[in-house]
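For the numbers below, each heavy atom of this structure counts, side chains included, while hydrogens, waters and symmetry mates do not.
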Amino acid sequence: MKNQPPAPCKEGDRIELIQMASDDPCPIPAGTRGTVISVCFFQNSHQVTVDWDAPRSLSLVCPPDQFRILPPEREYTMDVKLFTSIRVKATSQEEAEGMIQNALDGAEANFGAWEASGDPILSTVSTDGTPDLIEIDGEAV
């Protein structure tokens, strides 16, 4: 295969669809992302099999379909200060503070899921010093 052009992508690449051929009766929408499963050259075009993030199973033919290769995803860990009010029943302020400290320090928290990927938003919780007392029996202090 002397005249075979270089493959437009490789297995494992993350891609974003720019445009499918206009003659496709049910094209995958532009902007849809997926992971390349395989690439093969057939009849003067590259056929790109993609595991789409959307529930679809349609390969790309290049040309005429167009996509871009996404940069690799990286995982970022950030220290974020969150403030919350926690109600606890105890016989003294010191007991309440101790209960909060014991329950939260090193605890795992789930804050839902990232909209784009559905991956969970997880956090390890810790306290930073003594909690600030703001109410006793529903009355502000």
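Residue Thr35 comes nearest to Gly12 through the heavy atom pair CG2-O, 3.9 Å, listed as atom of the first residue, atom of the second, then distance. Residues Cys62 and Pro8 come closest through the heavy atom pair CB-CG, 4.3 Å. When all heavy atoms of Ser85 and Ile134 are compared, the closest pair comes out as OG-CD1, 3.5 Å. Closest of all the heavy-atom pairs between Val39 and Ala7 is CG1-CB, 4.0 Å. The minimum heavy-atom distance linking Ile28 with Trp52 is given by the pair CD1-NE1, 3.0 Å. Closest heavy-atom contact between Ala90 and Met99: CB-SD, 3.9 Å.
One finds the CH2 atom of Trp114 at 4.5 Å from the CD1 atom of Ile121 (value rounded to the nearest 0.5 Å). Here CG of Leu60 is found 10.5 Å from CD1 of Ile18. Values are rounded to the nearest 0.5 Å. Atom-to-atom distance recorded for Met78:CE and Ser123:OG is 13.0 Å, nearest 0.5 angstrom. Here Leu58 contributes atom CG and Thr49 contributes atom OG1; the two are 10.0 Å apart, rounded to the nearest 0.5 Å. Rounded to the nearest 0.5 Å, atoms CZ (Arg14) and CG (Asp51) are 8.5 Å apart.
Summarising the local packing, CG of Asn110 is surrounded by more than 12 heavy atoms from other residues, nucleotides or ligands at distances under 6.0 Å.
For the pair Lys89 and Asp137, the salt-bridge criterion is not met [side-chain N within less than 4.0 Å of a carboxylate O].
Follow the hydrophobic side-chain contacts under 4.5 Å out from Met20 and you reach Ile69 in the same cluster. No continuous path of ILVMFWY side-chain contacts below 4.5 Å connects Phe67 to Leu70, so the two sit in separate hydrophobic clusters. A continuous path of ILVMFWY side-chain contacts below 4.5 Å connects Tyr76 to Phe111, so both sit in one hydrophobic cluster. Put simply, Val125 and Ile86 are part of the same group of oily side chains (I, L, V, M, F, W, Y) that touch within less than 4.5 Å, one to the next.
For Arg87, the salt bridge (charged side-chain N to carboxylate O under 4.0 Å, His left out) partners are Glu135, not counting sequence neighbours.
Between Gln93 and Glu97, the side chains place a donor N or O and an acceptor N or O closer than 3.5 Å (distance only, hydrogens not considered).
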Should Ser38 and Gln47 be marked as a side-chain contact (heavy atoms from CB on, under 4.5 Å) after you check the CA-CA gap, both sets of side-chain angles, and the distance that decides it? CA-CA 8 Å; Ser38 66; Gln47 181 169 336; over 6 Å; no

Just do the side-chain contact (heavy atoms from CB on, under 4.5 Å) check on Ile15 and Val50 with the steps written out, would you? CA-CA 9 Å; Ile15 64 169; Val50 181; 3.7 Å; yes

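Residues Val61 and Val48 form no side-chain contact, since every pair of their non-hydrogen atoms from C-beta on lies 4.5 Å or further apart. By the 4.5 Å heavy-atom criterion applied to side chains, Arg56 and Cys26 are counted as neighbours.
For residues 57-68, every residue pair satisfying the side chain to side chain donor-acceptor pair (under 3.5 Å) rule, not counting sequence neighbours, is listed here: Glu16-Arg68.
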